[in-house]
Amino acid sequence: MMNNILVTGSRGQLGSDLVVALQRRYGTTHVMESGRSPRSEESKLFPYKVLDVTDGRRLEKIVKRHQIDTIYHLAGLLSAKGEREPDRCWDININGLKNVLEVAKSERLKVFYPSSIAVFGAHTPKLDTPQMTVTDPSTMYGITKVTGELLCQYYAQRFGVDVRSLRLPGIIGIISYNAPPGGGTTDFAVEIFYAALQQRTYTCFLRPETRLPMMYAADAVRAILELMEADLSAIKVRTSYNVAAVSFSVAELVAEIQKHLPEFACEYKPDFRQAIADSWVCTVDDSKARADWGWHHTYDLSAIVSDMLAKLESLKREQGARKRAEGAEEAEGAEGESTTNSTPHTPYPISDRTTHYAPLIPDSRLPTPKIW
Ligand code: AKB
């Protein structure tokens, strides 16, 4: 079968990496990105559609016109932003998903839906959280994710839609395409790397002892691809699979970064996101995903930190070299003008089109996964 893929919300942190992986797998021309903003200059070479997922008719038109057979539905508001704008969070997260499932039903599409550890709440066991457990979230984002999971299961059971889902933990990855961490509670775990390298200091909005399940973006992308490529008969959970990789406290992340950058210091100023983090769990039991379709993670905390720092340093070098080359060209062209380089500060760059993670087949030299 020829895959024609639509990725909604493709310019978010996970979307940028997923799109690159999908393009590698299925070919650039088979992967259509979409988002609410017009595409940026640098991405004009790639298929892209402006799409607000709450506009079901436009979604259907795009699906039909481009013979889409699979949707990776990443568009949505995350937890912190969702608390600031609960109505919008409900509208985008629920009505957007409903539109995707409706078109999947009528056009026989396959769908990926990202759920989240945000489905858990005050009465959920905090350690080794089981696949089947209490889901009583206290955030609007969490409420939309529980509802979303149930909607997926309903469309799968009632209409035979092949919709597959993961309860993703916090994702750590390089910021891509000017997509800063997008309003989530786990954003600190991305911001901290940029701050550590740029200013050697970071003010965290969570307390040091806050422990959350997390995953490297490379592992998350591979999880999504493997879930979607698994044999239909292997998929036994139609709400959403627990998937886990690592779990660490903010203080443990800081200590790991300090092994590379001893002068790095972190201050703590908890804000409203602390209550959100406290309502989530610490570690997740993902044995069902491991048993059903062979999920395993590759990156532990030390591998994540080493890889993030190395990738960011190499991006910085690339950007520096690019700037120097541009500067030299400008100097040649500007006869008689002063060529004094007065650039005060080179911020750490946003990644460009290429993915910065390991190939999808895990490198055997990577550390053995840690399982708690
Ligand atoms: C968030 O922090 O809102 C997300 C999530 C855990 O779903 N990263």
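All values below were derived from every heavy atom in this structure, side-chain atoms included, with hydrogens, water molecules and symmetry-related copies excluded. Just follow the structure's listing: the first ligand is 1, and inside any ligand the first atom is 1. Counting from 1, the numbers follow the sequence of the chain as shown. Owing to the predicted nature of the structure, the values given are computational and were not obtained by experimental measurement.
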Lys/Arg N to Asp/Glu carboxylate O, Lys269 vs Asp271, below 4.0 Å: no
salt_bridge(Lys323, Glu326) N-O dist < 4.0 Å: no
Polar contact flag, side-chain donor to acceptor under 3.5 angstrom, Ser79-Thr185: yes
N-O pairing of Glu149 and Arg167 below 4.0 Å: yes
Between Asn4 and His30, a side-chain donor and acceptor under 3.5 Å: yes
Residue pairs, two or more places apart or on separate chains, that pass ring pair (Phe, Tyr, Trp, His ring centres under 6.0 Å) and touch residues 223-268: Tyr241-Trp293
Residue shell around ligand 1, heavy atom under 4.0 angstrom: Leu78, Ser79, Ser116, Ile117, Tyr141, Gly184, Thr185, Thr186, Trp280
